[in-house]
Amino acid sequence: MAEQQDAIRTYGLGRRFGDLTAVDNLNLTVPRGTIFGFLGPNGSGKTTTIRLLLGLLEPTQGRAEVLGLDVATQADAIRARTGALLEHNGLYERLSAYDNLEFYGRIWHLPKPERQARIHALLDHMGLWERRDDRVATWSRGMRQKLAVARAMLHHPPLIILDEPTAGLDPVAAAALREDIASLVAREGTTVFLNTHNLAEAEKLCDAVGVIRYGRLLAVDSPAGLRTRRGSPQIEVVATGITPPVLDVLRARPEVHAVTLENGGRLALDVAPDTDTGALVSLMVAQGVQIEEVRRGASSLESVFLKLMAEAEGDGAAA
């Protein structure tokens, strides 16, 4: 019999809380060995989905399989084979980093030689080995999150589920944690289900993403595929002299769908497919803009995400 190829499969999965539908008819497939990003604003159903997949909540409709196991009847087996970092990191702050992992290694019944080698390997990979005897209470939030990921990976799970792992971290700590997660996954072949509303995080880490709003799955694709399939063409302009009146002139053009000005004079224009780039450049030059560079490409993931959110908002209002 061939090995189950998908880490997660859901079939019309749903969960209601009274009159509130938190997850609505979710059909999702996550292949093994991939990093899958589940994107949505707060309250969109991401955390409820995680709880359904771990068997911590019972579905009110549909079903799901995790690692080939049914969430309704085999939840204990799913949790035994899954690592999870949810809203609480599960660390004991009065213990040292090493003793935290030692404690969890004993819970997972890892033999002593394997347990010691695994703790050393994970702490070393995370850059925490030299601080292994420190009490966790003395650590920064970024270091604690790294240790929490190590805890989730300790028993070699084929699937780890991470719920907003970089929330509250400064940009440097978040980037370091993302890099650690990516390299660990590449080395061990683990599947990752990542809940996030951080679009930059999803774009850098994920092989595929799903976008959810009001409990409904709006789109699933690779980040590049979403930008190409669901986005508008984009013109990027690096320039000086971009004033508010220039932005107003551009927004008034019928072929320009959105205008975003970032720090450093980078202007992003979401435009219609047949837009004449030269005409827009000439218009800006006539307004006194000094153009340094012009590039044409696909929309950013942020633009696509906001477009999907706006469409979902409209559908929700219509309903």
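Side-chain atoms are counted along with the backbone in the values below, which use heavy atoms only and exclude waters and symmetry mates. All residue numbers refer to positions in the sequence shown, counting from 1. As the structure is a prediction and not an experimental result, all values here were calculated from the model.
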The reported gap from CG in Leu13 to CD in Gln61 (rounded to nearest 0.5 angstrom) is 7.5 Å

To the nearest 0.5 Å, atom NE2 of His155 lies from atom OG1 of Thr82 at 7.0 Å

Find out whether Phe38 and Thr196 are in side-chain contact, i.e. whether some heavy atom of one side chain is under 4.5 Å from a heavy atom of the other.
no

Any ion pair linking Lys112 and Glu114 (charged N to carboxylate O, less than 4.0 Å)? no

| field | Minimum side-chain heavy-atom gap Val256-Thr275 below 4.5 Å | value | no

Evaluate the criterion salt bridge (charged side-chain N to carboxylate O under 4.0 Å, His left out) for residue pair Lys146 and Asp180; output intermediate values, then yes/no.
-> CA-CA 8 Å; Lys146 285 188 171 195; Asp180 287 333; 2.9 Å; yes

### Query
If you group Ile, Leu, Val, Met, Phe, Trp and Tyr by side-chain heavy-atom gaps below 4.5 Å, do Leu53 and Ile212 land in one group?
yes

- Below 4.5 Å, heavy atoms only, C-beta onward: do Arg151 and Asn100 meet side chain to side chain? no

### Donor-acceptor under 3.5 Å (Thr48 side chain, Ala22 main chain)
no

CG (Leu154) and CH2 (Trp108) are apart, to the nearest 0.5 Å, by 9.0 Å

Exercise for the section: State, yes or no, whether a side-chain contact exists between Leu199 and Leu39 at a heavy-atom distance under 4.5 Å. Expected result: yes

Aromatic rings Phe193 and Phe36: how do their planes relate, parallel, tilted or perpendicular, breaks at 30° and 60°?
parallel

Separation between OG1 (Thr47) and CD1 (Ile161), nearest 0.5 Å, reads 11.0 Å

Applied to residues 185-194, the side chain to side chain donor-acceptor pair (under 3.5 Å) test, sequence neighbours excluded, yields Arg118-Glu188, His125-Arg187

Closest heavy-atom pair, Leu226 versus Ala219, reported as atoms and distance to 0.1 Å, is CD2-CB, 3.7 Å

Correct closest heavy-atom pair for Asn198 and Arg178 would be ND2-NH1, 4.3 Å

Nearest heavy-atom contact between Arg266 and Glu236 is NH2-OE2, 2.8 Å

Test side chain to side chain contact (heavy atoms under 4.5 Å, CB included), reference Val23, set Leu52, Leu57, Leu217, Thr60, output is Leu52

(Q) Side chains of Arg9 and Tyr11, heavy atoms from C-beta outward: is any pair under 4.5 Å? (A) yes

Decide, yes or no, whether a salt bridge links Glu93 with Arg141 under the criterion of side-chain N to carboxylate O below 4.0 Å.
-> no

Exercise for the section: Check whether NZ of the Lys or CZ of the Arg Arg15 lies under 6.0 Å from the centre of the six-membered ring of Phe17 and within 45 degrees of that ring's axis. Expected result: yes

Are the side chains of Ile235 and Arg295 in contact, using a 4.5 Å heavy-atom criterion? no

Review point. So do Val289 and Ile291 actually touch side chain to side chain, heavy atoms under 4.5 Å?
Key: yes

**Asked** Any side-chain heavy atom of Leu194 sitting closer than 4.5 Å to one from Glu201?
**Response** yes

Rounding to 0.5 Å, atoms CH2 (Trp129) and CG (Asp124) come to a distance of 8.0 Å

- Query: Would you call Arg115 and Glu102 a salt bridge, using N to O less than 4.0 angstrom?
  - Reply: yes

Taking every heavy atom of Met126 against every heavy atom of Leu184, the minimum-distance pair comes out as CE-CD1, 3.4 Å

The side chain to side chain contact (heavy atoms under 4.5 Å, CB included) partner of Leu267 among Val246, Thr260, Leu247 is Leu247

Q. Is Asp207 reaching over with its side chain to a backbone N or O of Ile35, donor-acceptor style, under 3.5 angstrom?
A. yes

*Does the pair Arg32/Asp6 count as a salt bridge with the N-to-O cut at 4.0 Å?*
no

All heavy atoms of Arg79 vs all of Leu54, minimum pair found to be NH1-O, 2.8 Å

Heavy-atom closest pair (Leu85 atom, Ala148 atom, distance to 0.1 Å) is CD1-CB, 3.7 Å

Here the gap from Arg144 atom CZ to Leu169 atom CG, rounded to the nearest 0.5 Å, amounts to 10.5 Å

| Is it the case that one hydrophobic cluster holds both Leu147 and Leu110, taking links as side-chain heavy atoms less than 4.5 Å apart, direct or via other members? | yes

